[in-house]
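One structure below.
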Amino acid sequence: MAGIENGEFSFASTNAKGGTARSGLARIQTNQKKNNGICHDDSGPPVKAQTIDELHSLQKKRSTPTTPIKGTQGAFSPMSEEERQKQQLQSISASLASLTRETGPKLVKGDPAKKSGHVVHHHYHTPTICVSDSSLKFTHFLYNLSPAELYEQAIKYEKGSFITASGALATLSGAKTGRSPRDKRVVKDETTAEELWWGKGSPNIEMDEHTFMVNRERAVDYLNSLDKVFVNDQFLNWDPVHRIKVRIVSARAYHSLFMHNMCIRPTPEELEDFGTPDFTIYNAGQFPCNRYTHYMTSSTSIDVHLARKEMVILGTQYAGEMKKGLFSVMHYLMPKREILSLHSGCNMGKDGDVALFFGLSGTGKTTLSTDHNRFLIGDDEHCWSENGVSNIEGGCYAKCIDLSGEKEPDIWNAIKFGTVLENVVFEEHTREVDYSDKSVTENTRAAYPIEYIPNAKLPCVGPHPKNVILLACDAFGVLPPVSKLSLAQTMYHFISGYTALVAGTEDGIKEPQATFSACFGAAFIMLHPTKYAAMLAAKMQKHGATGWLVNTGWSGGSYGSGSRIKLAYTRKIIDAIHSGSLLQANFVKTDVFGLEIPTEVEGVPSDILDPINAWSDKKAYKDTRLKLAGLFKKNFEVFANYKIGEDNSLQEEILAAGPNF
Ligand SMILES: Nc1ncnc2c1ncn2[C@@H]1O[C@H](COP(=O)(O)OP(=O)(O)OP(=O)(O)O)[C@@H](O)[C@H]1O
Ligand SMILES: O=C([O-])CC(=O)C(=O)O
Ligand SMILES: [Ca+2]
Ligand SMILES: [Mn+2]
């Protein structure tokens, strides 16, 4: 008897007394000896297991240490696998130690769901008396899991985790779908009071050490209260001499996979020698900070303590906080070593010509540095040292809104197994992602390892840049699609860090919102902007790099009347910069902004090159241009009193390189 109910088809079940079976089909006989006592089955050789458990145990091979034991002289240096495991446990227990109780948690490596016999635990600084239940509890930690393992963890335990049709892991970042710059605090102590940029315009909101420790304790207690935590030990910076070891302790597989993709992944051999991290993140993002704690102005706090080399995240699960938090740390550590840290994309041509792409969020760093004809060094964070450029990260973080396979094939194809897809909407059944859907947020993102881009340059390092491209998405539509900059102009625009986005895109036409963010990344810098600017000027001068300003925003009118410059045209402009042909073009100087604009660019209609030609209402163009110039001037006032570099003449040139009207 077969039943169809709600579209589901099933055989009628046998009742407890087996009534149906008896009256219908003949009972199936098991263990019935056939003529020669052998049960014939034509499906091939039998499985090599006697029980289901044994069968399952055959499926997985235990990973063995991948590298040979170093130090061939036997009795001397080689560390036994057991000793290595012990040191790793000690190190992780130390990371998770409560600093008031002076004790680390009892740790067990592995998934608590698996009752594996392999239990190794370590108790950091065993206390003499156990004073609370928490000291009796074990915390399991999952160490540097693979993407496949993290997928399983996410899908099993984290709501909102799904595999999309292309194999990516769709996740939700919770209530926060972007960074919270107003909740980013830095401990002000004797050293940082001197060294860092504080006060108006600075992203560093001060907190004292005690408050940091209160939040750290809150995060550590939260993490230790969980059944399990994820631990990632990874690197930052592809320059081997200036590589930084980072440890990320987090509660979600989503966070662990995100950082697996975004930081540099150690080889098994490098991992064995990892030792103590140079910097540790405690991501307790699901847990809020305590509003009664001093300095707390919301439930979110992202706290950096440079002397302790630690960062604590409370009250936000947005993974970008970890990425950009570490970037801030690099903005402190690298300049101390005379290395310039940059919020920029970077790629290299076949002949080794390197270009940097600066710009605020959404201006095109990822889109334009990901170029089929060039090697990708990185899309967002770089260092420029005496040896050339190096990527800080091991992955890319691309915006996905309105992503199309035709316009951005490399990014599209990178969204596959292993990639974290944040806050996207997909079709329930086919799991096809609808990239135009903004239901969760407009800031939908994909985080993938850099080697998912076919022409990534591995290792991600390159020679000194030849072109420095400043990207602005000008929703006023008055900046030219491309202009060549003098060194002073490059500095002026670098310090200004302009872009203009449109505030609310939904309810009718809104005024563009000008944003000025020093060094095209004020949210991440730690020192005064002029420190980075001086370093950039010196490096550009020394290595003869040319500066360019590229408007990836509006043309022919402001947002509402004009339209966004076609990505295909911007790509042609960028091609001409890379090839060197644009440097040979004829240029005319514009009024007010004093920008040199080419009269021709191959593949780009000439009538859009000078923005006045693209606007039908010339008066409106001139008014809008004056308005923007005024905003630039006002923004730059605070920098007028700061000396940039050793050279007084450069300082004066920079001040004169802004708009004149
Ligand atoms: N002419 C254009 N040039 C560049 N990007 C364009 C253009 N027109 C539309 N776009 C779109 O603008 C967006 C640029 O975003 P992109 O991810 O490159 O920003 P980003 O600078 O890397 O920002 P973030 O630092 O936040 O990662 C993409 O979605 C791209 O498709
Ligand atoms: O940090 C983020 O969330 C994304 C990013 O790259 C930026 O805003 O510059
Ligand atoms: Ca980007
Ligand atoms: Mn960025």
Side-chain angles (χ1 to χ4, degrees), residues 177-179 181 262 318-328 330-331 341-347 356-371 376 378-382 391-393 395-412 414-415 422 424 435-436 438 441-448 450 453 469-475 477 479-482 497-502 505 515 517 519-525 549-556 559 562-575 577 603-604 608:
T177 57
R179 281 178 291 103
M262 294 308 299
Y318 181 65
E321 298 289 3
M322 294 183 284
K323 164 192 160 67
K324 281 305 205 292
L326 290 174
F327 189 35
S328 299
M330 293 299 276
H331 266 314
S341 41
L342 310 161
H343 187 214
S344 77
C346 181
N347 67 17
L356 294 177
F357 298 81
F358 288 98
L360 293 176
S361 190
T363 55
K365 291 185 300 299
T366 300
T367 300
L368 299 171
S369 56
T370 309
D371 180 333
L376 178 66
D379 79 326
D380 199 57
E381 306 176 6
H382 290 85
N391 189 354
I392 289 175
E393 303 178 288
C396 303
Y397 195 31
K399 274 184 176 294
C400 293
I401 202 71
D402 296 325
L403 185 70
S404 92
E406 280 134 58
K407 288 185 194 147
E408 300 182 66
D410 286 344
I411 295 174
W412 179 273
I415 302 179
E422 288 176 334
V424 297
Y435 289 106
S436 68
K438 301 173 184 168
T441 176
E442 217 180 302
N443 188 30
T444 53
R445 293 268 179 173
Y448 46 87
I450 189 157
I453 298 298
I469 302 168
L470 310 183
L471 305 170
C473 177
D474 176 26
L479 290 182
V482 60
Y498 164 75
T499 201
L501 298 172
V502 185
T505 42
T515 310
S517 177
C519 309
F520 289 105
F524 326 119
I525 61 180
L549 181 64
V550 171
N551 174 11
T552 61
W554 270 252
S555 169
Y559 174 86
S563 56
R564 192 157 182 191
I565 295 166
K566 282 197 171 71
L567 180 53
Y569 293 159
T570 302
R571 285 202 195 279
K572 286 285 178 196
I573 287 166
I574 301 289
D575 287 348
I577 293 174
V604 183
I608 69 163

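It should be emphasised that the depicted structure is a prediction, and the values quoted were computed from it without experimental measurement. Just so you know, ligand 1 is whichever comes first in the structure, and atom 1 is the first atom listed for that ligand.
When the options D474, L368, I565 are evaluated for a side chain to side chain contact (heavy atoms under 4.5 Å, CB included) with T552, the one that passes is L368. The only member of T363, T570, T499 that meets side chain to side chain contact (heavy atoms under 4.5 Å, CB included) when paired with L471 is T363.
The distance from the Mn ion (ligand 4) to the nearest N/O/S atom of D380 is under 2.8 Å. Coordination check, K324 versus the Mn ion (ligand 4): passed, since an N/O/S atom of the residue sits under 2.8 Å.
At least one side-chain heavy atom of L356 sits under 4.5 Å from a side-chain heavy atom of L342.
Using a 30° and 60° split on the angle between ring planes, F524 and H343 fall in the perpendicular class, above 60°.
Protein residues with a heavy atom closer than 4.0 Å to ligand 1 are H343, L360, S361, G362, T363, G364, K365, T366, T367, D380, Y397, K399, E408, R445, T552, R564, I565, K566, L567, T570, listed by chain and number.
In this structure, OH on Y498 lies 10.5 Å from CZ on F520, to the nearest 0.5 angstrom. Taken from CG in L567 to CD in E408, the straight-line distance is 6.0 Å, to the nearest 0.5 Å. Between atom OH of residue Y318 and atom CZ of residue R445 there is a gap of 4.5 Å, rounded to the nearest 0.5 Å. Distance check: I401 CD1 to Y435 OH gives 11.0 Å after rounding to the nearest 0.5 Å. Note that the CG atom of D410 and the CD1 atom of I453 stand 5.0 Å from one another [nearest 0.5 Å].
Within the cation-pi definition used here (under 6.0 Å to the ring centroid, within 45° of the axis), K365 does not qualify as a partner of F357.
The Ca ion (ligand 3) has T366 OG1 as protein N, O or S atoms under 3.0 Å away.
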